[in-house]
Structure formats: C-alpha cells, structure tokens
Asks: 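Sharing a structure with you now.
Counting starts at 1 for both ligands and their atoms, in listed order. Numbering of residues begins at 1 and proceeds along the displayed sequence.
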Amino acid sequence: MSKVRVRFAPSPTGPLHIGGVRTALYNYLFARKHGGKMILRIEDTDQKRFVKGAEDYLIESLKWCGIEIDESIINGGKFGPYKQSERKEIYKPYAEQLVNDGFAYYAFDNSDDLTVMREKMKAAGVPSPQYNAITRNTMQNSLALSQDEVDKKLKSGTPYVIRIKMPRNEEIKINDIIRGWVVVNTNNLDDKVIFKSDGMPTYHLANVVDDYLMKISHVIRGEEWLPSAPLHVLLYRYLGWEKSMPKFAHLPLILKPDGNGKLSKRDGDRLGFPVFPIQWKNPDTNELSSGYRESGYIAEAFINMLSFLGWNPGTTKEIFSMNELIDAFSLDRVGKAGAKFDFDKTKWFNQQYLRAKSKENLAVDLQVILKENGISVKNNYVETVCHQLKERATFVKDMWDEGQYYFIAPTTYDEKTIRKKWNDDTPNFLIDFKERLKIISDFNSENIEIEFKKYLTEKDLGMGKLLPAFRISLTGLAMGPSLFDIASLIGKEETINRIEKAIKTLA
Ligand code: GLU
C-alpha cells in the first residue's frame with residue numbers, strides 16, 4: 001500500500017455528532033494500523049453555516065476521545081493551511097481550468113431565473129427539475145450564451161457561479177472498500193455548482209482539490225456522502241488526477257435505537273442520552289446539549305462502544321483499548337448495514353471500564369464529587385469506599401448517589417424494609433448486639449461477622465431477624481455492599497451511634 005494518509009474533514013457548523021466521532025475514530029485506527037498520517041481539515045467553505053466555537057469544540061472533543069491528529073490547524077504540517085477558508089486562493093485556478101477544458105461553465109442565472117426554469121419544467125411534467133443537460137441550454141450560462149455576451153457579463157462584474165458540465169448518459173463506477181462496486185448513471189446527476197459567486201469553492205471542489213493536494217490515500221467518511229462520490233470521481237478525472245484518486249470507504253449510518261433512520265439529537269433528547277461527545281452550548285441561544293464526558297462516561301469506554309457501531313473484530317472479545325483497536329481494526333470488517341445505537345450497551349461498556357479502574361484512580365474522581373458536596377475525607381478512606389462500591393456502579397457518581405452513608409449517617413430509612421423487617425423485637429436485638437460490638441477489640445469486617453453470627457446462634461435467630469435491621473441502621477437502605485465491610489470502615493463508634501439513632505428514630 002502506498003503511504004496511508006487519511007483525513008477527518010468536518011464542517012464547523014455545530015457540535016460533533018457521535019457519527020462524526022466514529023468517522024474520525026475509524027480514520028485514526030486505519031492511519032495508526034498502517035503507520036500512516038491522520039489529518040484534520042476544517043471544511044468551512046460555507047460561511048453562512050459557520051458556527052462560532054464549533055472549531056474549538058471539535059478539537060477538544062477529539063482530544064477527550066484520545067484521537068490524535070498528526071496534521072491540522074493546531075499541529076501544522078507540510079500540506080497546510082488545514083482550514084479551507086485559508087486556502088481560498090488555491091481553488092479558483094482549478095475551477096477555471098475546468099472551464100477552459102470544457103468540463104465546467106460560468107452560470108449567471110439569478111434566483112429568479114432558476115425559479116422560472118423550475119416552474120416551467122414542473123408545468124411540463126418534470127417532478128424535480130434540475131440544472132442539467134436538458135435545461136442548461138435555456139439558461140444564462142457560457143454554454144448557452146454567445147462568447148460576446150459572456151465576456152460582457154464577466155467584464156461588467158455580473159455575479160456568476162461555475163457549474164460542472166455533467167455528461168449525458170455515462171456510467172460512473174466507484175469501487176468502494178465497504179460497498180463494492182457502486183455504479184451511477186450521470187443522467188441522474190445535476191450540474192452542481194463547484195465555485196460560488198462569493199469567490200469560494202463549494203464543498204465538492206474544495207474537498208477534491210484538498211484531498212489531491214494533501215495526498216490523501218483513503219477517503220473514509222459517512223454514507224451520506226456516497227451520492228456525492230460520482231461527482232468527485234468526475235472532478236478527479238477532469239482535473240487529470242484520476243491515477244492518484246484516493247480509495248473510498250463509505251461508513252454505514254448510526255441508526256436510532258428504535259425504528260429506522262439516522263440517530264439524531266432529537267432521539268437523544270427523547271430517549272434520554274447524549275449524542276455528542278462533550279457538552280455543547282449553542283452560542284446563539286445558550287441552549288445546552290449534554291455530552292458523554294459531562295455525563296460521567298470514561299472516554300475509553302465511549303470509544304470502545306463507538307468502535308463497535310459498524311465494525312466488529314470477528315471474535316467474541318468486546319473490551320478493546322485504543323491500542324487493541326488499532327491492532328484489530330480493518331475496513332474489511334466494517335459492514336454495509338446501518339448500526340443501531342444501543343444506550344444500555346453504552347452504559348455496560350462504562351461499567352466494565354469503571355470496574356477495571358484501580359481504587360486509587362476512582363478515588364480521585366469521587367473526591368471531586370465529595371468536594372462539591374462539602375465533604376472532606378482522607379484519601380485512603382475514599383479509596384476503600386471505591387473498592388467496596390465499584391462492582392455496583394456504572395458511573396463514579398453512582399458511588400456518591402448510592403453510597404452517601406459512607407460519609408453521612410442516614411436520616412431516612414427504607415420504608416419497605418421497616419415494614420417487613422422491623423418489628424417489636426428488633427430494638428431489643430439491636431441493643432443486645434450493640435453491646436457485643438463494643439467488645440470487639442479489632443473492629444474489622446471478619447471479627448464483626450464472627451460476632452454477628454455468634455449472636456444469632458446464641459439467640460437461635462435467623463439472618464433475616466437482624467441483618468436487615470442492622471443494614472438499615474447503618475445505611476438507611478435495603479441493599480448495598482457487605483455490611484461488615486461498611487461497619488468496619490465507618491468504625492466502631494459510628495456503627496454504634498447509628499444503631500442507637502435508628503432505634504430512637506424508629507421507636
Ligand atoms: N465536510 C464534510 C462533512 O462535514 C466532509 C465530507 C468528507 O469527508 O468528504 O462531513
């Protein structure tokens with residue numbers, strides 16, 4: 001394979017959808033796998049759609065995801081600038097070359113001319129009229145007008161666009177790495193604008209010119225760009241670059257979890273999950289859209305989940321670090337069919353990664369939440385809490401939500417447990433048992449358990465007579481990690497205080 005150079009080429013029109021992150025990820029995995037380069041190119045030729053802050057958002061998102069970029073507006077590189085608005089001057093000569101070679105033409109039509117054409121065609125029974133081989137001769141363009149008229153218009157500064165002259169009835173064949181041969185007849189394509197009246201190229205021309213000049217070897221992008229690919233192939237051909245045309249791989253869509261169609265922000269809002277990697281604040285409305293980062297996801301888990309939306313390793317292994325993904329990834333194993341987004345699976349991935357983290361690591365994150373709640377506790381205490389709770393948590397925040405009793409004595413007690421397990425004898429048992437606890441000299445989990453069991457045997461009591469009441473006294477909850485572990489961690493004095501408090505409160 002010649003040198004692999006791939007690019008992620010987003011338009012800064014808003015936050016980056018997870019579909020875009022997946023495109024970036026597959027490009028990155030492919031580049032790293034083949035020892036190639038990963039380029040980030042900002043495609044901002046459509047100034048009307050430009051959104052403030054979107055570029056910084058993109059860069060921060062990729063960074064959070066661990067997708068490293070080799071060449072970009074930040075990293076630099078030999079093929080810059082890496083932002084299309086800064087490359088403005090590069091494109092016009094190519095557009096003009098296409099005109100001179102007879103593959104494109106100037107079109108002076110204003111929006112009224114276009115409306116008139118469309119209406120005429122509709123009246124003649126054409127349901128979706130286009131600017132194409134049928135209509136172009138009736139329009140204000142350099143193919144229909146005389147050379148004199150064209151010169152006059154150009155000289156007088158009449159605004160114009162440059163359109164591709166789509167050939168009649170030609171088959172364009174694209175060998176897509178994922179889809180195989182895709183064949184499109186040019187009769188189904190229109191004379192797309194490739195250069196606009198504002199002096200900027202459109203996406204199509206800029207994309208092809210840049211991919212060529214940046215020596216891109218593979219274009220890996222979303223399926224929504226497949227309809228544009230035949231035009232891109234023609235542009236390579238007409239510019240004389242067909243031999244160095246990149247290979248194409250159009251990735252399948254990410255579908256909504258229920259029903260068909262592409263996963264949208266609305267689906268996320270409706271079903272309660274983020275569709276963006278990091279939180280986005282709309283600069284015009286200040287509206288916040290949630291992100292995986294702020295929702296407590298571990299970046300590696302998010303990436304692992306995304307990698308499986310369209311690709312699979314061909315084995316049952318599901319947990320992959322970025323390096324393992326790089327090793328295992330191949331475009332051959334990317335499917336054609338859309339991949340359904342599965343939010344439960346996303347949480348499952350997070351849970352797996354959370355479990356794999358060390359207690360020291362988790363404690364750092366839990367300390368942040370504790371601080372926010374005005375709680376200051378020694379680090380090894382927090383580490384033990386993490387150790388005891390991590391199997392039960394999906395997010396670090398769950399450890400706070402479900403484990404507050406490690407830090408604050410309960411003020412409420414689970415009603416169902418009280419109803420079922422707290423009866424007239426309970427306070428007496430607890431008072432008795434509390435005295436046993438007092439005499440334990442080394443108040444560790446094992447000794448507490450021994451004393452607890454001894455007491456039950458002596459009194460000929462079943463577990464159910466005391467354990468739920470003991471638990472509810474210490475935690476207020478019906479369930480949780482080993483109670484003996486909890487008691488030993490909060491300590492003898494606190495355990496006894498909590499039992500006394502529960503007896504008093506529930507009397
Ligand atoms: N600028 C296009 C986008 O926003 C890039 C498409 C491509 O990769 O060719 O997705």
Asks: Under 3.5 Å between any N/O of Val219 and any N/O of ligand 1: does that happen in this structure?
Replies: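 There is no such contact.
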Asks: How close does the nearest protein non-hydrogen atom get to atom 2 (C) of ligand 1, and which residue and atom is it?
Replies: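 Scanning the protein heavy atoms, the shortest distance from atom 2 (C) of ligand 1 goes to Ala9 O, 3.3 Å.
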Asks: Numbering the atoms of ligand 1 from 1, which are under 4.0 Å from a heavy atom of Glu43?
Replies: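 Result: 1 (N), 2 (C), 5 (C).
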Asks: What residues, two or more places apart in sequence or in another chain, satisfy salt bridge (charged side-chain N to carboxylate O under 4.0 Å, His left out) together with Asp269?
Replies: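 For Asp269, the residues satisfying salt bridge (charged side-chain N to carboxylate O under 4.0 Å, His left out) (neighbours in sequence not counted) are Lys265.
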Asks: Work out whether the distance between some heavy atom of Arg7 and some atom of ligand 1 is less than 4.0 Å.
Replies: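 Distance cut 4.0 Å: Arg7 passes for ligand 1.
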Asks: Which residue owns the protein heavy atom closest to atom 3 (C) of ligand 1, what's the atom, and how far is it?
Replies: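 Checked against all protein heavy atoms, atom 3 (C) of ligand 1 sits closest to Trp225 CZ2, 3.4 Å.
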Asks: Any ring-ring contact (aromatic ring centres under 6.0 Å, His included) involving residues 161-191? Give me the pairs, sequence neighbours left out, ordered by first then second residue.
Replies: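 Counting only pairs at least two positions apart or across chains, no ring-ring contact (aromatic ring centres under 6.0 Å, His included) contact touches residues 161-191.
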Asks: Assess, by modelled atom type and distance only, whether the side chains of Tyr131 and Asn141 contain a donor and an acceptor separated by less than 3.5 Å.
Replies: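 On atom types as modelled, these side chains qualify, holding a pair under 3.5 Å.
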Asks: Check each atom of ligand 1 against the heavy atoms of Tyr203 and keep those under 4.0 Å away; list them by number with element.
Replies: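 In order of number, 2 (C), 5 (C), 6 (C), 7 (C), 9 (O).
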Asks: Looking at Phe349, Phe273, Trp348, which one forms a ring pair (Phe, Tyr, Trp, His ring centres under 6.0 Å) with Phe343?
Replies: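 It is Phe273, the one option of Phe349, Phe273, Trp348 that forms the ring pair (Phe, Tyr, Trp, His ring centres under 6.0 Å) with Phe343.
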Asks: Hydrogens and angles aside, do Asp267 and Ser264 bring a side-chain donor and acceptor to less than 3.5 Å of each other?
Replies: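 Result is yes, a qualifying pair exists.
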Asks: Measure the distance from atom 4 (O) of ligand 1 to every protein heavy atom, then report the residue, atom name and distance (to 0.1 Å) of the closest one.
Replies: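 Residue, atom and distance for the closest contact: Ser11 OG, 3.2 Å.
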Asks: Hey, which atoms in ligand 1 end up nearer than 4.0 Å to a heavy atom of Asn207?
Replies: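 Matching atoms, with element in brackets: 7 (C), 9 (O).
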Asks: Taking 4.0 Å as the limit for heavy-atom contacts, which would you say applies to Phe8 with ligand 1: side chain only, backbone only, both, or neither?
Replies: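 No part of Phe8 comes within reach of ligand 1.
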Asks: Please walk me through it: do Glu372 and Lys397 pass salt bridge (Lys or Arg N to Asp or Glu O under 4.0 Å)?
Replies: CA-CA 12 Å; Glu372 282 167 10; Lys397 191 165 178 301; over 6 Å; no
Asks: Answer with yes or no after comparing the ring centroid distance for Phe395 and Tyr297 against a 6.0 Å cut-off, counting only values under it.
Replies: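 Aromatic pair counts; centres sit under 6.0 Å.
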